[in-house]
Amino acid sequence: MSKTRFCICQCFFTKNLFIKQYKLHVTYLNRGQFLQEYSETLQSQGCSDPEVVIPELESEVTRRKNFHKDSWDRRVYIAKKYKPLHPDLYILQRSFLDPKFISLVDLANTPGTTVEELSKVMKQHQQRMYSFPVFTSEFCQTFVSELKNFEESPLPKGRPNTMNRYGINLGELGFDNFVTSLRNDFITPLTRILYPDWGGDCLDSHKAFIVKYEVGEDVDLNYHFDNAEVTLNVALNDDYCDGEIYFGPMRTEESSKVTGIAHQIGVGLLHRAQQMHGALPISEGIRYNLIIWMRSSVIRNELCPMCNEKPTLIPVESGFGDGFTINEVDICCAS
């Protein structure tokens with residue numbers, strides 16, 4: 001008998017390290033390789049001594065090597081110590097969802113529904129991007145109050161990534177069942193029609209997190225693509241100014257065309273995860289967005305989107321890893 005284990009790709013330890021001060025993604029194998037490849041670029045961006053960023057990169061490599069174990073340990077500790085402000089939020093309920101979203105999903109679940117029919121009841125943007133109401137305003141307000149309550153607690157926080165340093169990893173906070181229900185029961189009916197070529201019909205894991213923008217902290221998000229097949233981005237509040245989301249081409253394409261989209265509370269923006277995008281700076285207020293990276297092991301087991309190669313798989317002990325999978329033989333059962 002075999003069992004499926006989630007994995008990461010070996011490249012997680014060396015590629016796509018982000019130097020926030022210079023808005024640069026780099027590969028770091030060792031000091032010599034890094035200085036040879038990036039000294040000129042860093043100096044052109046105002047870094048007089050590229051060696052000064054090496055301790056930051058080595059610290060990030062160490063963090064990544066321990067990330068999945070540390071994240072799971074935080075999850076267990078938070079589950080024991082955190083007292084939720086709104087305990088009922090942690091199980092997805094239909095009352096949280098906008099009635100228009102439920103109707104949209106019902107249509108997607110109707111046999112024979114086509115992309116064209118589905119597109120008529122969503123707002124369609126260029127390059128196969130779609131937006132539609134997901135949550136009610138009441139849910140969003142309650143959810144944000146829960147996030148603030150957790151932020152104010154003394155418990156450890158695992159931030160989403162090095163591009164956003166003030167968000168919250170929702171898996172660590174206990175929302176994996178919530179997001180799994182949302183992914184399986186409500187998002188997959190849409191993605192199996194909209195993105196069958198991007199694993200939309202076989203999404204089997206996710207990474208869900210909150211990104212937070214505030215003047216004096218992170219105010220924008222650099223141009224990038226996501227480590228996923230399909231992304232859902234939901235605005236959770238509207239009491240901030242500016243911060244338009246902008247989209248360019250897919251990461252493998254060349255184009256100068258950029259599409260800007262203003263977000264609205266409760267509305268989700270669904271797009272192929274490897275489409276280049278970023279967020280312009282907010283000018284006042286605090287902005288919260290729910291981001292769900294949805295992954296298909298069928299797709300990513302063939303090609304890692306981060307190194308663009310057949311992935312070298314490293315199993316993780318707990319959780320979804322980065323959405324890659326491997327089948328392992330259960331020795332006890334096989335003997």
Side-chain angles (χ1 to χ4, degrees), residues 6-71 158-165 167 169 205 207 209 211 218 220-229 231 247-255 272-279 291 293 295-297 299-316 319-326:
F6 283 99
C7 305
I8 60 174
C9 178
Q10 176 71 37
C11 75
F12 180 63
F13 304 133
T14 58
K15 294 183 180 293
N16 295 289
L17 280 71
F18 186 61
I19 306 175
K20 193 170 184 68
Q21 182 179 356
Y22 299 103
K23 297 186 176 181
L24 183 66
H25 284 92
V26 302
T27 294
Y28 185 81
L29 304 177
N30 54 59
R31 174 183 173 278
Q33 165 268 330
F34 173 76
L35 292 176
Q36 180 177 358
E37 289 188 26
Y38 297 102
S39 286
E40 185 175 336
T41 299
L42 284 167
Q43 288 170 345
S44 70
Q45 295 186 12
C47 179
S48 59
D49 181 8
E51 291 217 30
V52 300
V53 303
I54 289 178
E56 174 186 344
L57 293 172
E58 292 181 340
S59 175
E60 172 61 11
V61 169
T62 299
R63 185 192 73 86
R64 291 188 179 200
K65 288 180 177 178
N66 298 319
F67 173 78
H68 289 90
K69 181 182 183 304
D70 289 347
S71 180
R159 303 310 183 182
N161 49 58
T162 51
M163 294 185 70
N164 188 270
R165 300 166 294 176
N169 184 323
S205 70
K207 178 177 180 178
F209 52 94
V211 290
D218 290 331
D220 59 6
L221 193 61
N222 199 50
Y223 201 47
H224 68 287
F225 62 90
D226 299 335
N227 183 6
E229 277 63 67
T231 294
F247 287 83
M250 296 294 287
R251 69 180 177 92
T252 55
E253 301 172 350
E254 291 187 7
S255 172
R272 293 169 294 171
Q274 291 168 46
Q275 185 170 356
M276 300 297 296
H277 58 283
I291 311 295
W293 289 355
R295 292 157 166 170
S296 169
S297 60
I299 300 296
R300 59 186 33 237
N301 283 355
E302 295 301 315
L303 185 73
C304 172
M306 305 311 289
C307 65
N308 229 21
E309 298 176 357
K310 180 79 174 179
T312 300
L313 300 179
I314 302 175
V316 295
F320 289 132
D322 278 348
F324 305 94
T325 58
I326 189 171

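Hydrogens, waters and symmetry mates are skipped; everything else that's a heavy atom, side chains included, is used.
With contacts defined as side-chain heavy-atom distances shorter than 4.5 Å, the pair Y38/V53 does not qualify. By the 4.5 Å heavy-atom criterion applied to side chains, Q274 and R251 are counted as neighbours. Here the side chains of K207 and R295 are in contact, with some heavy-atom distance below 4.5 Å. For the pair D322/C9, no side-chain contact is recorded, criterion being any heavy-atom separation below 4.5 Å from C-beta on. Between P50 and Q43, the closest side-chain pair of non-hydrogen atoms falls below 4.5 Å. Side-chain contact between Q33 and Q36: absent, with no pair of heavy atoms (C-beta onward) separated by less than 4.5 Å. A heavy-atom distance below 4.5 Å is not found between the side chains of M276 and M250. Side-chain contact between R300 and N227: present, with at least one pair of heavy atoms (C-beta onward) separated by less than 4.5 Å.
C307 and K15 get closest at one heavy-atom pair: CB-CD, 3.6 Å. Taking all atoms of both residues into account, the shortest heavy-atom contact from R31 to I54 is CG-CD1, 3.6 Å. A pairwise comparison of heavy atoms in F6 and S205 identifies CE2-CB, 3.7 Å as the closest pair. Taking every heavy atom of both residues into account, C304 and F324 meet most closely at SG-CZ, 3.8 Å.
The structure places CG of L29 at 11.5 Å from CG of L57, a figure rounded to the nearest 0.5 Å. Rounding to the nearest 0.5 angstrom, the gap separating the CG atom in N16 from the OG1 atom in T27 is 6.5 Å. Considering OG1 of T231 and CG of D226, their distance stands at 3.5 Å, rounded to 0.5 Å. With values rounded to the nearest 0.5 angstrom, S297 atom OG is found 10.0 Å from E302 atom CD. Put simply, CZ on F34 and CD on E51 are 9.5 Å apart, with the number rounded to the nearest 0.5 Å. Note that CG of N301 is 4.0 Å distant from OG1 of T325, once rounded to the nearest 0.5 Å.
Shown here is Q45, whose CD atom has more than 12 heavy atoms of other residues, nucleotides or ligands within 6.0 Å. Other residues, nucleotides and ligands place more than 12 heavy atoms under 6.0 Å from the NZ atom of K20.
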May I have the step-by-step check of salt bridge (Lys or Arg N to Asp or Glu O under 4.0 Å) for D220 and K23, ending in yes or no?
-> CA-CA 11 Å; D220 59 6; K23 297 186 176 181; 3.8 Å; yes
Determine, stepwise, if the pair V61 / T14 fulfils side chain to side chain contact (heavy atoms under 4.5 Å, CB included).
-> CA-CA 7 Å; V61 169; T14 58; over 6 Å; no
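In this structure a side-chain-to-backbone donor-acceptor pair under 3.5 Å is present from Q275 to G248.
Partner of S39 under the side chain to side chain contact (heavy atoms under 4.5 Å, CB included) criterion, out of T41, L42, L35: L35 alone. For the side-chain hydrogen bond (donor to acceptor under 3.5 Å, both in side chains) with Y28, the lone residue among E58, E56, E37 that qualifies is E58.
Under the 6.0 Å cut-off for aromatic ring centres, F12 and H68 qualify, their centroids lying closer than that.
Note on E229 versus R272: no salt bridge recorded, every NZ/NE/NH1/NH2 to OD/OE distance being 4.0 Å or above.
Using modelled atom types and a 3.5 Å distance limit, the side chains of H25 and N222 yield no donor-acceptor pair.
Ring planes of F247 and H277: parallel class, angle under 30° (limits at 30 and 60°).
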